[in-house]
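Taking it in order: structure first as structure tokens, then the write-up.
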Amino acid sequence: MLRLRFSCFVALALSCMVASSANAHVHAFKFGETPDGEMVKVYTMKSDNGAYIEILTLGATIRKIEVPDKDGNVADVVFGFDNVEDYLSDENQYFGAVVGRYGNRIADGKFTIDDEEYQLATNDPPNHLHGGGDRALSKVVWKAKRFESETERGVTMWYTSPDGEEGYPGELSARVTYTLNNDNELRIDFEATTDKATVLNLTNHAYFNLHGAGSPTINDHELMINADRYTPVDDTLITTGELAPVEGTPLDFRTFHTIGERVDEFGYAKGAGYDHNFVINRDDAQEGEVITAAVLRDPESGRQLTVKTDQPGVQFYGGNFLHGQIGKDGQVYKKRSGCCLETQVFPDSPNKQGKEGWPNAVLRPGETYRHVQQFGFGVTE
Ligand code: GLA
């Protein structure tokens, strides 16, 4: 019922908008309210080439990405829900959200900066995952402002996280800008500053299925990951500190392989299947240069997603913990029916500072954290 009402509302509101401002590409509507009565808005935007995107102020979340296939047929390729209640429930495994303050895992939820030890929530026992509990960045309402030019349009969202929120030191001012251009590239720019030394790793956690969200599997998708090495993990998915070659393992995606081809060849005590951080080959790249991390394609529809970033790592998560959640318009999200490509610094980097080949994960006052995660949509030749 709610779902129907929302769709009708958007359709009606959109038609009014189209009538009143034919050239505008970005619109904002009320999506719902949190239990505390805070309003959650949805920003809608479209490109001149058939892409339509919705972003929520709750968790700065991507709710919908509609893109054409090789015959021009449009499908929604990301997971999402129809109401705020579902987004705030345990069924939501970070669908489309910005995760943080520290995306991915921190061993035992502990880290030390300048001799001071901090303890975070161990919400993925025994470890910390994706920023913790109710005040993780994926669960709070961000402020927002839209923008558009001739060729691009989007929305900037910002949130100030108080010192000590979810156990993290420092007041953090975070900003996320979603920009959609007419090549159907959605670029996400993350920026943040702090007033005390802290750890930070922001990333978007969208789940993709290029047949269309709710399709039963991604095991038939083909994947390329631009990485010679990965960061092995223990059975709680904490990185061991090694940077190991992918060669000779089911993690060798340097040329295209279907996801399903080798997915059952290996496993961990927890969550058999793909859930690994890859060390992106950046030897030929400048610092801060945005390069291709991965390409995902669906041979059937021809839809292709190119993920680009300036970060050192990308987590390829194959949806092993999905369990049939019911999402938008009754879509069912079964195990391995969606995958994430989370660009990032390496998992548990705060406890590997100074180790050779490991990135810096500490942000200090006066510095600006910057990260580009770009999702480009096209079709295969
Ligand atoms: C990630 C992790 C996975 C899992 C999902 C959320 O991307 O790498 O292990 O926790 O988030 O379910």
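One-based numbering, in listed order, for ligands and for the atoms of each.
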Can you pull every nitrogen or oxygen pair between ligand 1 and the protein closer than 3.5 angstrom?
unit_1, atom_1, unit_2, atom_2, d
ligand 1, 7 (O), H205, NE2, 2.9
ligand 1, 7 (O), E342, OE1, 3.1
ligand 1, 7 (O), E342, OE2, 2.7
ligand 1, 8 (O), D275, OD1, 2.6
ligand 1, 8 (O), Q315, NE2, 3.3
ligand 1, 9 (O), R105, NH1, 3.2
ligand 1, 9 (O), R105, NH2, 2.9
ligand 1, 9 (O), D275, OD1, 3.4
ligand 1, 9 (O), D275, OD2, 2.3
ligand 1, 10 (O), R105, NH2, 3.2
ligand 1, 11 (O), H130, NE2, 2.9
ligand 1, 11 (O), H205, NE2, 2.9

Table please: side-chain donor-acceptor pairs of residues 165-178 below 3.5 Å, with sequence neighbours left out.
unit_1, atom_1, unit_2, atom_2, d
E165, OE1, Y159, OH, 2.9
E165, OE1, S161, OG, 2.6
E165, OE2, R135, NE, 3.0
E165, OE2, Y159, OH, 3.0
E166, OE1, G133, N, 3.0
E166, OE2, G133, N, 3.1
E166, OE2, D134, N, 3.3
E166, OE2, R135, N, 2.9
Y168, OH, Y102, N, 3.1
Y168, OH, H128, NE2, 2.6
T177, OG1, T156, OG1, 3.1
Y178, OH, A60, O, 2.5
Y178, OH, N204, ND2, 3.1

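E148 and H25 get closest at one heavy-atom pair: OE1-N, 3.0 Å.
Using a distance-only test at 3.5 Å, with no hydrogens or angles considered, no donor-acceptor pair links the side chain of S215 to the main chain of T217.
Under the salt bridge (Lys or Arg N to Asp or Glu O under 4.0 Å) criterion, E185 pairs with no residue, sequence neighbours left out. Looking at residues two or more places apart in sequence or on another chain, you find a salt bridge (Lys or Arg N to Asp or Glu O under 4.0 Å) between E66 and K64.
Taking 4.0 Å as the cut-off between side-chain N and carboxylate O, R370 and D189 do not count as a salt-bridged pair.
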